[in-house]
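Positions are given from 1 along the sequence.
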Amino acid sequence: MKKKLLWIGAAVALVVVALVVLTVFYVNRNPNVGLLMADHTEETVLVQAMENAGLKLKMSDGEVLPEECAAYVVELRDFGQTEAILQSAGNTPVIFVNRKPNIEGTCYIGGDALQAGQTQGEVLLAQPGYGDWNEDGVVSCLLVGADMGQPDMLQWQRGVSQALKAKGLEAEFVPYTGAAFSREDAEGLCEQQLSAYGKDLEVVLACFDSATLGAMDAVKEVGRSVGRNLTLIGAGHSSELAAAVAEGKLSGYAYIEENEICQAVLSA
């Protein structure tokens, strides 16, 4: 299927991240860059690009800033972290990525959740039947990612709904509590909801690589069949996702082209 970008302008965003970080490096002569990611193991493109640029990375588990860094690159687990992170960083530059902080004036580089939802909705519309397996005009969806009450998740839902509305369909999202930043958490959450709703749950949408892989694990565990009684749309840049589509384990996914981004960042 035609490749789609998960985040509009994602390549440009990462180029800017690289430029900001490299500028800080040359000004301060300090090669340490702190990564505070919701799930830093999935940030392979950013990690590889920075390492190839000669920067020494200090990673955190997503709760506490690494020490003695020239700059911090942060992906929020929760928007309530923003103020504490800024205070902890002091005068050290903080670059927020992927999830826009809730404090005005902060440096944010990344995509828009509404556009991401619309893009994923377009991927869904490319599937047979648009995911409406019972043909009642309402597509029952599970959106696997952060807490459903988070502002970006609400915008993501809105984007998917807008895409389906263009075809006269309504999107209905099943509620849940908690978040699924890791593959294990995504598997548990998805398995729980698939078991609870059964075939009434028609579509699973995942917000990033680890959530997508966890959802795939869950679908296998509960005995559902992608392309036969379930539509599974992922998101991310892992090469595993392309292989999963080819094998019929994943209906499709919105993604970032990792090779093009790496080349753009390294040539900046």
Side-chain angles (χ1 to χ4, degrees), residues 5-25 32-43 45-47 49-50 55 57-120 143-159 177-182 185 206-211 235-237 254 256 261 265:
L5 292 177
L6 169 60
W7 298 112
I8 304 301
V12 175
L14 285 181
V15 169
V16 176
V17 171
L19 286 173
V20 172
V21 173
L22 288 172
T23 299
V24 171
F25 166 60
N32 295 331
V33 176
L35 292 184
L36 183 68
M37 312 305 291
D39 186 355
H40 68 255
T41 59
E42 300 302 332
E43 296 297 319
V45 174
L46 189 55
V47 169
M50 288 183 174
L55 298 174
L57 305 181
K58 289 191 173 184
M59 299 194 187
S60 174
D61 61 1
E63 298 294 336
V64 182
L65 288 176
E67 298 178 355
E68 299 179 0
C69 293
Y72 299 108
V73 177
V74 177
E75 179 184 35
L76 295 167
R77 282 179 176 269
D78 186 276
F79 294 104
Q81 292 179 292
T82 309
E83 186 173 355
I85 287 172
L86 291 173
Q87 290 179 350
S88 178
N91 294 324
T92 303
V94 179
I95 304 160
F96 292 93
V97 298
N98 296 336
R99 305 190 74 196
K100 188 174 183 179
N102 57 341
I103 296 179
E104 294 296 327
T106 53
C107 178
Y108 170 68
I109 300 172
D112 177 89
L114 177 63
Q115 293 175 325
Q118 291 171 333
T119 299
Q120 202 168 48
L143 180 60
V144 183
D147 190 289
M148 288 290 284
Q150 295 277 344
D152 54 344
M153 290 292 282
L154 295 175
Q155 286 292 91
W156 198 303
Q157 293 175 52
R158 182 183 171 196
T177 57
F181 289 114
S182 70
D185 288 345
C207 294
F208 38 82
D209 297 77
S210 53
H237 52 246
I256 300 170
I261 293 175
V265 172

Side-chain H-bond candidate by donor/acceptor type, Asn32 with Glu67, under 3.5 Å: no

Heavy-atom side-chain contact between Lys100 and Pro151 under 4.5 Å: no

Distance-only criterion, 3.5 Å: show the donor-acceptor pairs between side-chain atoms of residues 87-97 and protein atoms not counting sequence neighbours.
residue : atom : partner : partner atom : Å
Gln87   : NE2  : Glu83   : OE2          : 3.4
Thr92   : OG1  : Ala89   : O            : 3.3

Distance in Å, Lys58 NZ paired with Leu35 CG, rounded so as to fall on 0.5 Å steps: 12.0 Å

Gln118: partners by side-chain hydrogen bond (donor to acceptor under 3.5 Å, both in side chains), with sequence neighbours left out: Gln162

Sub-4.5 Å side-chain heavy-atom contact between Ser210 and Phe181: no

Any Cys207 side-chain heavy atom under 4.5 Å of Leu143 side chain: yes

Under the salt bridge (Lys or Arg N to Asp or Glu O under 4.0 Å) test, residues paired with Asp185 that sit two or more places apart: none

Ala206 versus Gln120, closest heavy-atom pair with distance: O-NE2, 2.9 Å

For the student: nearest non-hydrogen atoms of Gln150 and Asp78, plus distance: NE2-OD2, 2.9 Å

Contact summary for Arg99 and Tyr108, nearest pair of heavy atoms: C-CE1, 3.4 Å

pair Ile85-Leu76: side-chain heavy atoms closer than 4.5 Å: yes

Test side chain to side chain contact (heavy atoms under 4.5 Å, CB included) applied to Pro101 and Thr82, Leu86, Val74, the passing residue: Thr82

Thr119 OG1 to Leu114 CG distance, which is reported to the nearest 0.5 Å: 9.5 Å

Inter-residue atom distance Gln157.CD - Met148.CE, 0.5 Å rounding: 4.0 Å

Distance (rounded to the nearest 0.5 Å) between Gln81 CD and Asn102 CG: 10.0 Å

